[in-house]
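What follows is a short report on a single structure.
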Protein chains: 2
Amino acid sequence: MGKMYKENSLSKNQQIIFDLINKSSEPLKAYTILFSVQKKGIKAPPQVYRALDKLVETGKIHKIESKNAFVACRNSNCEISKATAFSICESCEMVDEISDTKLSKYLSGFNHKKGMKFKRFNLEFFGICKKCKKD
Amino acid sequence: MGKMYKENSLSKNQQIIFDLINKSSEPLKAYTILFSVQKKGIKAPPQVYRALDKLVETGKIHKIESKNAFVACRNSNCEISKATAFSICESCEMVDEISDTKLSKYLSGFNHKKGMKFKRFNLEFFGICKKCKKD
DNA sequence: TTACATAGTGTTATATTATAACAAATTTTA
DNA sequence: TAAAATTTGTTATAATATAACACTATGTAA
Ligand SMILES: [Zn+2]
Ligand SMILES: [Zn+2]
Ligand SMILES: [Zn+2]
Ligand SMILES: [Zn+2]
C-alpha cells in the first residue's frame, strides 16, 4: 500500500498563509502577513514565521533575501528551493521568478574552483522592468 | 588638471569599519561591528549603518543577504557591486567571494525572457566546504 | 485502541536588524 | 570666503525574527 503520509498537505496556518502569498501579485513581508491574517486567528509573529519556515522548506514559497519578503513558487522545476532565480524591479519592486532551464542547469553544474560542492543557490537580478521603463 | 575629488578615500568612520571588516576572516554583522568599534568612538547604530551603506555603494564591501552580514570585496572585477557571487558553507558559515570571469560574463549577459534588462545581480551558492566535509 | 512520537498551535516576552529625525561639524566646491 | 554637500553624533523608535513553554492535533505502530 506504500506511504500514506499527508505528504503534500498543509496545516491550517500554513494553508492560510500560503493562500495569501499565492494570490498576492507582490512579495509579502512577515508583518504584512501577520496583519492580514489576524482576523483568521493568527495573532502572533511566531505563528507566521513558523508557517513561513515550513513553506520555504517545502518549496511552496521562496524568500526574497534582499527584500525580506516572500513569494509563492511559480516554477515546478525549482524542486524544493534548491535552485532559485528572481528578477527584481528596483523601481516598482515587482518580483518575478525566473524559470530558465539553461540558466538553472548552468548554475547547478557550476563547480567552485576551491572544490566546494554546492547543494543549492539563490540568484537575484536587479533592473528596471518593462512597465517602469515606459513611464 | 581634471578631477581632484577625494574619490577613493574613506571618511574616518568608514575607514574604521572597513578595516575591521577587511581583516575579518568571516562576515560581520552590523551590531558585532558596533560593539567592536565602540572603543573608537562609534557608539550608535546609525553611525555603523551609514558607513556600511557607503561602503556597499562604493563596492568596498558586500552584503551577504542571506546572513545580514558584510564582507570586504576580494575581487577587483566585481566593479561597484554590480556582479557579485558567493559560496557559503552551511556548516561553518564561511563565506568566500567567487571570482569567476566566465560565470560573471554569463550572468551579466543573461537576458530575461520577459524583456527586462538587468543592471546588477547577486548570487549565493550554499553547500558544505572542504574543511567541514573532512570533519 | 491505546500509547508513543511527531508536528503544529497559542502565547508572552525578548532579541536582532535597521531607520527616522534633527542638530552640529567637517570637507568640498565655487 | 561663502555656499553646498557630506559626514558625524545623538536619541528614539520601527521592522524583522526568535526563545521558551504549555498545550493540542495528527500520524504510527504495537
Ligand atoms: Zn520556485
Ligand atoms: Zn517596475
Ligand atoms: Zn567584490
Ligand atoms: Zn565549512
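The sequence lines fix the lettering, A, B, ..., with proteins before strands; numbering per chain opens at 1. Below, all heavy atoms of this structure are taken into account, side chains as well, without hydrogens, waters or symmetry copies.
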Is the shortest side-chain N/O distance from [X] to OP1 or OP2 of [N] below 4.0 Å?
X       : N      : value
A:Ser11 : D:dT26 : no
A:Asn13 : C:dG10 : yes
B:Asn68 : C:dA18 : yes
B:Lys54 : D:dT8  : no
B:Gln47 : D:dG9  : yes
B:Lys29 : C:dT17 : yes
B:Gln14 : D:dT7  : yes

Practice problem: Counting heavy atoms from C-beta on, name the nucleotide in C:dA21, D:dT7, C:dT9 closest to the side chain of A:Arg50. | Solution: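 From the listed options, C:dT9 comes nearest.
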Quiz item: Of the nucleotides D:dT10, C:dA18, D:dA17, which has the atom closest to the A:Ala30 side chain?
Solution: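 Side chain of A:Ala30 sits closest to D:dA17.
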Quiz item: Is the ring centre of A:Phe125 less than 6.0 Å from the ring centre of B:Phe110?
Solution: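 Yes.
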Quiz prompt | Centroid separation B:Phe118 to A:Phe126 less than 6.0 Å | solution =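 Centroid distance B:Phe118-A:Phe126: not below 6.0 Å, so no.
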Self-check item: B:Glu90/A:Arg120 ion pair, N-O < 4.0 Å
Solution: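 Counted as a salt bridge, because a side-chain N and a carboxylate O are separated by less than 4.0 Å.
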Would you mind reading off the distance between [X] atom [atom1] and [N] atom [atom2], rounded to a whole angstrom?
X       : N      : atom1 : atom2 : answer
B:Lys12 : C:dA25 : NZ    : P     : 14 Å
B:Leu34 : C:dT17 : CG    : C1'   : 11 Å
B:Phe70 : C:dT16 : CZ    : C1'   : 13 Å
A:Ile17 : D:dA17 : CD1   : C1'   : 14 Å
A:Leu55 : C:dG8  : CG    : P     : 10 Å
B:Gln38 : D:dT8  : CD    : C1'   : 16 Å
B:Leu52 : D:dT7  : CG    : C1'   : 15 Å
A:Ile42 : C:dT11 : CD1   : P     : 12 Å

Quiz item: Does the base of C:dA15 carry an N or O that pairs as donor and acceptor with the side chain of B:Tyr31 under 3.5 Å?
Solution: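 Counting by modelled atom types and ignoring angles, no donor-acceptor contact under 3.5 Å is found here.
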Exercise. Tell me which of B:Lys67 and B:Pro46 sits closer to the 5' end of DNA chain C, going by the nucleotide each one is nearest to.
Key: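 Final value for this comparison: B:Lys67.
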Quiz item: Between B:Glu97 and B:His62, what is the shortest heavy-atom contact and its length?
Solution: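 What the structure gives for the nearest pair is OE2-NE2, 3.1 Å.
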Quiz item: A:Asn22 and side chain to side chain donor-acceptor pair (under 3.5 Å): which partner among A:Gln15, A:Lys60, A:Arg74?
Solution: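 With A:Asn22 as partner, A:Gln15, A:Lys60, A:Arg74 yield a single side chain to side chain donor-acceptor pair (under 3.5 Å), made by A:Arg74.
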